[in-house]
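Here you go, one structure.
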There are 2 protein chains.
Amino acid sequence: MAGDVFKALADSTRRCILDELVERDGQTLFELCTRLVSKHGLDLSRQGVSQHLAVLEDAELVRTRRSGRYKFHDLNTEPLEPLATRWLRPETPGGAS
Amino acid sequence: MAGDVFKALADSTRRCILDELVERDGQTLFELCTRLVSKHGLDLSRQGVSQHLAVLEDAELVRTRRSGRYKFHDLNTEPLEPLATRWLRPETPGGAS
DNA sequence: TTGACAGGCAAGTAATTGCTTGCATATTGT
DNA sequence: ACAATATGCAAGCAATTACTTGCCTGTCAA
């Protein structure tokens, strides 16, 4: 568990999925499939999308909630925050230690 | 050219290289080799490091300058900036157009 | 010029990854 | 109960990736 966030972001299809979820949160697998094909011009099967979602979920970039036979996917931007700051130099503008 | 920044960051060894360059800029290939082995416990050949550096350079995360037989590697954080902000929701706090 | 040092190029290999197809499970409406 | 819908699981395949070994080029000091 707690998969690699960087590896999750490495695939362009997964990034498209995140793009979709920014626009509209709480989409189901089928909704995402449809919109990835029509809007982003991607061509992959439902299982393809499902596996990508599993990777994103493992990296905690996507959270899911179940309701009956539906599974809704929500974006979670929390793991993204320490991402860009990791390689920022310690400029120590205030002058800590 | 202009390789994929996300794919460049996907590999943990490459992330270690960036970690090293944050601490000390302008290292040569041999310096990086030595420190990756000793400090980060990695075990790879010089060519392994060289190929990783090529990927980082292609993603413009690393810039190089030559001086005689030495090649110095510098970190370039510029491509990292739009990285985390890509999936931030348009909160429009001030309400810009 | 010779030898040592720093780096580059290329082919080969093993592991990983993205994707598909086929079947199984669970929920809902009639 | 039955069929349709929404999703899950797993084996198999092709492409990519990370890594190694071996050799070549360029630079510097003696």
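Note that the structure is a prediction, hence the values are computed from the model and not measured. Letters A, B, ... mirror the listed sequences (proteins, then strands); counts begin at 1.
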Exercise. Okay, side chain of Glu31(B), backbone of Thr28(B): is any donor-acceptor separation there less than 3.5 Å?
Worked result: yes

Exercise. What pairs meet the ring pair (Phe, Tyr, Trp, His ring centres under 6.0 Å) rule with one or both residues in residues 6-36 of chain B, with sequence neighbours excluded?
Worked result: Phe6(B)-Trp87(B)

Exercise. With no hydrogens and no angle check, is any side-chain donor or acceptor of Asp25(A) less than 3.5 Å from a backbone partner on Leu75(A)?
Worked result: yes

For this session: Would you kindly compare Gln47(B) and Gln51(B) by the position of their nearest DNA chain D nucleotide and give the one closer to the 5′ end?
Result: Gln51(B)

For this session: Decide yes or no on salt bridge (Lys or Arg N to Asp or Glu O under 4.0 Å) for Arg86(B) and Asp19(A), but give the supporting numbers first.
Result: CA-CA 8 Å; Arg86(B) 171 166 172 179; Asp19(A) 289 339; 2.7 Å; yes

Exercise. For Phe30(A), which contact category applies under a 4.0 Å heavy-atom criterion: base, sugar-phosphate, or nothing?
Worked result: base

Seminar exercise, completed: Rounded to 10°, the angle between the first-five-pair and last-five-pair axes of the helix from dT1(C)-dA30(D) to dT30(C)-dA1(D) is 30°

Problem set entry | Length of the CD1-P vector between Ile17(B) and dA18(D), whole Å | 11 Å

For this session: Could you check Ser67(A) against His52(A) and say which one's nearest nucleotide on DNA chain C is further toward the 5' end?
Result: His52(A)

Seminar exercise, completed: Rounded to whole Å, CG of Leu53(B) lies from P of dA18(D) at a distance of 13 Å

Problem set entry | Close side-chain approach of Leu61(A) and Val5(A), heavy atoms under 4.5 Å | yes

Exercise. Do Arg69(A) side-chain and dT7(D) base share a donor-acceptor contact under 3.5 Å?
Worked result: no

For this session: In whole angstrom, give the distance that lies between atom CG of Leu42(B) and atom C1' of dT20(D).
Result: 16 Å

Exercise. In whole angstroms, how far is the P atom of dC9(D) from the CG atom of Asp58(A)?
Worked result: 13 Å

Problem set entry | Phosphate OP1/OP2 of dT20(D): any Arg46(B) side-chain N/O under 4.0 Å | no

Problem set entry | Nucleotide dG8(C), atom P - distance to CG of Leu32(B) in whole Å | 12 Å

Problem set entry | side-chain N/O Ser45(B) vs dT20(D) OP1/OP2, d < 4.0 Å | yes

For this session: Using a heavy-atom cut-off of under 4.0 Å over every strand shown, decide if Gly48(B) touches base, sugar-phosphate, or nothing.
Result: base

Problem set entry | Gap between atoms CZ and C1', on Arg66(B) and dA6(C) respectively (whole Å) | 8 Å

Exercise. To the nearest Å, how far apart are Gln27(B) CD and dA6(C) P?
Worked result: 14 Å

Exercise. Any side-chain N or O of Lys71(A) less than 4.0 Å from the OP1 or OP2 oxygen of dG8(D)?
Worked result: yes

For this session: Map Asp11(A) and Ser50(B) onto DNA chain C by nearest heavy atom, then report which one ends up closer to the 5' terminus.
Result: Ser50(B)

Exercise. Picking from Arg65(B), Lys71(B), Arg14(B), what satisfies salt bridge (charged side-chain N to carboxylate O under 4.0 Å, His left out) with Glu57(B)?
Worked result: Lys71(B)

For this session: Could you tell me whether Arg15(A) and Asp4(B) make a salt bridge, using a distance below 4.0 angstrom between a side-chain N and a carboxylate O?
Result: yes

Exercise. So, the side chain of His73(A) versus the backbone of Gln27(A): is there a donor-acceptor pair under 3.5 Å, distance only?
Worked result: yes

For this session: To the nearest Å, give me how far apart CG (Asp43(B)) and P (dA18(D)) are.
Result: 17 Å

For this session: Verify the contact: side-chain N or O of Lys7(A) to OP1 or OP2 of dT17(C), cut-off strictly under 4.0 Å; return yes or no.
Result: yes

